[in-house]
Amino acid sequence: MDAAPPDDDALLYGHDPAERIVALHPVGPATMRLYRRRSPTEVTTEDVRVHPFFFLSDADLLRGFPRDRFQFQELAGRGFFRYVVAFPDRGAYFDALRHVERATETAKARPDEVYLPGSPEQQYLMQTGRTLFKGMAFDDLVRLQLDIEVYSPKGFPQATVPEHRIILVALSDSTGWSRLVGTPEMTEEEVLRETLDLVKERDPDVIEGHNIQSFDFPYLFERCRRHGVPVDLGRDGSPPRSYPTSMRFAERQVEFDAVEIAGRHVIDTLHQTMAFDVFKRDLPNYTLKGAARYFGFAPEGRTYVPGDQIAHVWDTDPHRLMEYAIDDATETERLARFLSGSTFYLTQMVPMPYGQAARTGPAAKVEALFVRGYLHARHSLPRADFGSQVVGGYTDVFVTGVVGPVVYADVESLYPSIMLTYDVQPKGDALGLFPRLLRRLTGLRFETKDAMREADDAHERGELDARQSAYKIVINSFYGNMGFGYALFNDFAEADRVAATGQDLLRQIMRLARAAGARVVEVDTDGVLFVPPDSVVGEAAERQFVERLSEQMPDGIRIGFDGRFQRMLSYKKKNYALLDYDGHLKFKGSSLVSRSSERFGRAFVREAIRLLLEEDVQGLHDLYLEHRRRIEAHDWQGVESFQRTETLKTSLADYEQAVAAGERTRSAAYEVAAREAARTGRAPRVGDRVSYYLGEGGGRVFEAARPARDWSPAAPDESTAFYLDRLDQLAGRFEPFFETPAQFRLVFSEEDLFGFDPSAVRLVVRERDPEEVEDDVPF
DNA sequence: AACTTTGGCGCTCCGT
DNA sequence: ACGGAGCGCCAA
C-alpha cells in the first residue's frame, strides 16, 4: 500500500485534486505565491489572486464602508456569523476591520462580531479548499539541517558581542548531502556568505535545527547584519520575517520570535522534542544530545564537545569540532524524521502551513477543519459560548500499600468512543460535521493501523504510524475542543455529558470487576488497576478476564488489556509504582517522580520503593542511614545531585508586580534569576530553567537559595540541615505503609540505642470499601 | 495575540 | 502550629 494518504475525502483533505503544493506565502496585497513540486528537484512558482476574508455577524456593521471595496454573501442557517465578506486586497481588509471596530464601538482590537480565520496562508487554504503536501510522502520533502558553532572564549555566546563569532556551520539534508562551512583561515563573513549560498543552492522545502528559532537563526541573522551580508534565504530572494509568538507545552510556555522564510518551512526540533515529552514525561532533558541519546539516534562513537570548550577545541583541534558539528546535524535530521511525521500528515488535512501546524495546538486544527467545511457549504458559523466545563475524569484509590499481581485494563479511546456511541454533537454544529468527521477519522485510523500491521517494510510502517498518530491527535482533540472557551463549536454541557458518561462507565467496570472477584486498587479516568481473583492465574487467564469485562460493556465501548505487573505500591490517587515481570519499576505521579525534586531525593524514593516492594525493612533502614551520612559528609556527585531546577513561567517584571500586588509570594527560582540578571546583565526569558540550592545560614527558602553554578565541591556551603529535613520529608511519604507511626519512625531514624531490629516492623495494606462512595452518578 | 480539559499531590509563604 | 493560597509538576 502506498504511504501517501487518500485524497478523495473533501471534508478531510480539501476539495482540490492532488497538486503537491509544498509552500506558499503572500507576495502582495492581493497575491499569494504557490510553490509546487514537479519532480524531486524542480519546484515551480505561480502567483494567484487571493481574497482576504472574514466572517461577520451583521451586514449593517459595514454600512458606510465603500461598496466597491468588498463583496459579501449571506450564509445559510441561523448561526451567529451570518456573512462572509471578501476584499480585493489586504488594505481594504484591514480598513474594513477598523470600520467594524468603530461601528461596534468597542475598545477591543477584535470586536467579537468578526471572526478572522487565521493567517493569510491559512485563509487562502480555507477558501480554496487546498492543503499543502497533497499526495506527497514525507520523503518527498527536501529537509535541510543547520547547526552553527560559535566562538565565545568565555561566557554564553551572544550575537551582539563583537568577539563572539560564527566559526563553523554544519549543513546536511534529507537526500544524504552534507557540508561543513568554516576553517580556521576563513573570516566570519566568508563563512556566512558560503552558508547562505549553499542553502539557496540546496533549495530546501524545510529548514530544521535544534533551538533554531531562538538560537541559530537569530544569531546567524544578527551576524549577517553586522557584516552587511544580505540574508536572501526566501525562495523568492526575500529576507526572513519574524514576529513574536509563544508556544505552550503542557504547563510550560516558551516565548520566541518565530522566523518565517518565504517558500520554506522552519521546524525547530527543540519544540518537537518538548511536545513529544508532554505525553512521554520521560526525557532526561531537551538538549539535542540528550534527546538523541534517549531515542537512540546518536551516531556510534560520535564526538562530544562541552559548550564551554568549543573555543578551546577550535584553537587546538579544529577537526574534532568539525566532527562534532556534523554529528549534531545528523542527530537533528534523525530527530526531525522521527518527530515530524505526524505533523506532516496533519498538514495534508488541515488548512494550515506546515510551520503553523507545528506551532499551534490541536484545538486550532479542529476548528480550522470545521470552518473550512462550513465555508465550503456556505453555511453560517456559531459563536463561542461563554462558560466552562465542570465535569472531569473520575479518580479514586481503594487500596494503599504493596499488592500484586496487578492487571491494568482501560477503555480503548474512551472519550471518542463515547462521542460516537452516544451521538455527541455540539449545539452549534448545524451541519453535523462533528460526528461525520469523527466517524471518518476513526475509520481511517483503523484502516491505517491495519495497513501498518500488514506492512513488511519498516520504513513504510513508520510512515503509516505517523499517519495514524495524526488521526489520533485530531480525534482526541474533538473532546477538548468542546470544552474550550474560545472554540466556535464549543458546548460545555455536551463536554460534561461525555465526561459524566465516562465516569459512569468506569464505575460500571469497577462493579463488574469486583463482582467477578477482583480487588480494585485504583481507577483513573479511563482505566482500572486491579488484583485479579485467585482463580485467575497467568497472562492468558488475565486477558480472558478482561475480555469478559469488555463483553459486558455497551456496544461501541471496548475494554483493552493494557499491562500486567508482579507487584504494585499504591500510594495515593495518580501516584503509584509498578513492578513488571522483567523487574523494571515504573513510577507514576508527581509525588514520586517529580522533576522538581532534587536528584538525590528521587534516587532515595526510587530505591526505597524497590525495597518496600521486596519488604526489605533492614534495607530501608540502611538506605536511610546511608543518605544521611552522604548529606552530612557533603558526599555529592556534584551540585546536580541536590539542586532544584524550575521553569520561569512569567517575566521577572510580572513576577515582581504580582508580589507587590500580594497576588503571589516570593519564590526561590525568581529571586535567584533576578540576582543573576542583576549580576550578568542578561535578563532571563520566560521558559528559562533556573537551578539553585539552599545555602547554609537559614532563613526562608527564597532567601537562602543560591545559583547552582556558584556551588563548589572544594568549599561546600549547602545547608546540611535543610537537606536532612528534605530527606525526612521524603521518607514521610512511606509512613502509611507501616503498621504504626512508631514503627515507621524506627526505620527512618538514627536512634538505634539497642540496635535496629527489623522483625519488630510490619508493613500493612490498607483497604477502603468502594461501595461507600458508589453514590448516584451525576446524571 | 494566542490560548484543549479536569483532577491530584507536595512545597512554600504568610496570615492567624 | 495550622491552614489557605499560589504554584509547579503530573495523570489521563
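Every chain is numbered from 1 and lettered A, B, ... according to where its sequence line falls, protein lines coming before strand lines. Because the structure is a prediction, the values reported are computed rather than measured.
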Which donor-acceptor pairs under 3.5 Å do the side chains of residues 653-661 of chain A make with protein atoms, sequence neighbours left out?
residue: Tyr655(A); atom: OH; partner: Ser667(A); partner atom: N; Å: 2.9
residue: Tyr655(A); atom: OH; partner: Glu671(A); partner atom: OE2; Å: 2.6
residue: Glu656(A); atom: OE2; partner: Arg666(A); partner atom: NH1; Å: 3.4

Reckon Arg726(A) has a side-chain N or O less than 4.0 Å from the OP1 or OP2 of dC11(B)?
-> yes
Looking at Lys572(A), does any N or O in its side chain come under 4.0 Å of the phosphate oxygens OP1/OP2 on dG10(B)?
-> yes
Within the modelled atom types, does a donor on one side and an acceptor on the other bring the side chain of Ser667(A) and the base of dG8(C) under 3.5 Å apart?
-> no
Length of the line joining Arg497(A):CZ and dT5(B):C1', which is rounded to integer Å = 18 Å
Taking only the side-chain heavy atoms of Ala363(A) (C-beta and beyond), determine which of dT4(B), dC9(C), dA12(C) contains the nearest atom.
-> dT4(B)
Under 4.0 angstrom, heavy atoms only, what part of the nucleic acid is Tyr479(A) near: base, sugar-phosphate, or nothing?
-> nothing
For Arg599(A), the salt bridge (charged side-chain N to carboxylate O under 4.0 Å, His left out) test, sequence neighbours excluded, returns none
Could you give the CZ-to-C1' distance, from Phe484(A) to dA2(B), as a whole number of Å?
-> 8 Å
Using a cut-off of 4.0 Å on non-hydrogen atoms, how would the nucleic acid contact of Lys573(A) be classed: base, sugar-phosphate, or nothing?
-> sugar-phosphate
Reckon Tyr670(A) touches a base, only the sugar-phosphate, or nothing at all at heavy-atom distances under 4.0 Å?
-> sugar-phosphate
May I ask you to verify if any side-chain N or O of Arg733(A) is less than 4.0 angstrom from the OP1 or OP2 atom of dC11(B)?
-> yes
Determine whether more than 12 heavy atoms belonging to other residues, nucleotides or ligands lie under 6.0 Å from atom CZ of Arg606(A).
-> no
What nucleic acid atoms does Arg602(A) come within less than 4.0 Å of, heavy atoms only: base, sugar-phosphate, or nothing?
-> nothing
Please give, in whole Å, the distance from dC13(B) P to Phe702(A) CZ?
-> 6 Å
Carefully, step by step, assess Arg768(A) and Asp396(A) under the rule salt bridge (charged side-chain N to carboxylate O under 4.0 Å, His left out).
-> CA-CA 11 Å; Arg768(A) 190 163 62 84; Asp396(A) 211 341; 2.8 Å; yes
What is the nucleic acid contact for Ser477(A), judged by heavy atoms within less than 4.0 Å: base, sugar-phosphate only, or nothing?
-> nothing
Arg644(A) side chain near dC9(C) phosphate (N/O to OP1/OP2, under 4.0 Å) | no
Closest to side chain of Thr665(A), choosing from dC13(B), dT12(B), dC9(B) | dC13(B)
Indicate whether OP1 or OP2 belonging to dT4(B) is found under 4.0 Å from a side-chain N or O atom of Lys365(A).
-> no
Taking NZ from Lys574(A) and P from dT5(B), how many angstroms apart are they, rounded to a whole number?
-> 16 Å
Should the pair Arg445(A) and Tyr471(A) be classed as cation-pi, given the thresholds of under 6.0 Å to the six-membered ring centre and 45° from the axis?
-> no
Using a cut-off of less than 4.0 Å, is there contact between a side-chain N or O of Thr647(A) and OP1 or OP2 of dC9(C)?
-> yes
Proximal nucleotide (of dA12(C), dG7(B), dC3(B)) relative to the Thr395(A) side chain = dG7(B)
Below 4.0 Å: OP1/OP2 of dG10(B) and any side-chain N or O of Tyr571(A) = yes
Which nucleotide in dT12(B), dC9(C), dA11(C) has an atom nearest any side-chain atom of Phe722(A) | dT12(B)
Roughly, in whole Å, what's the span from CZ in Arg700(A) to P in dT12(B)?
-> 14 Å
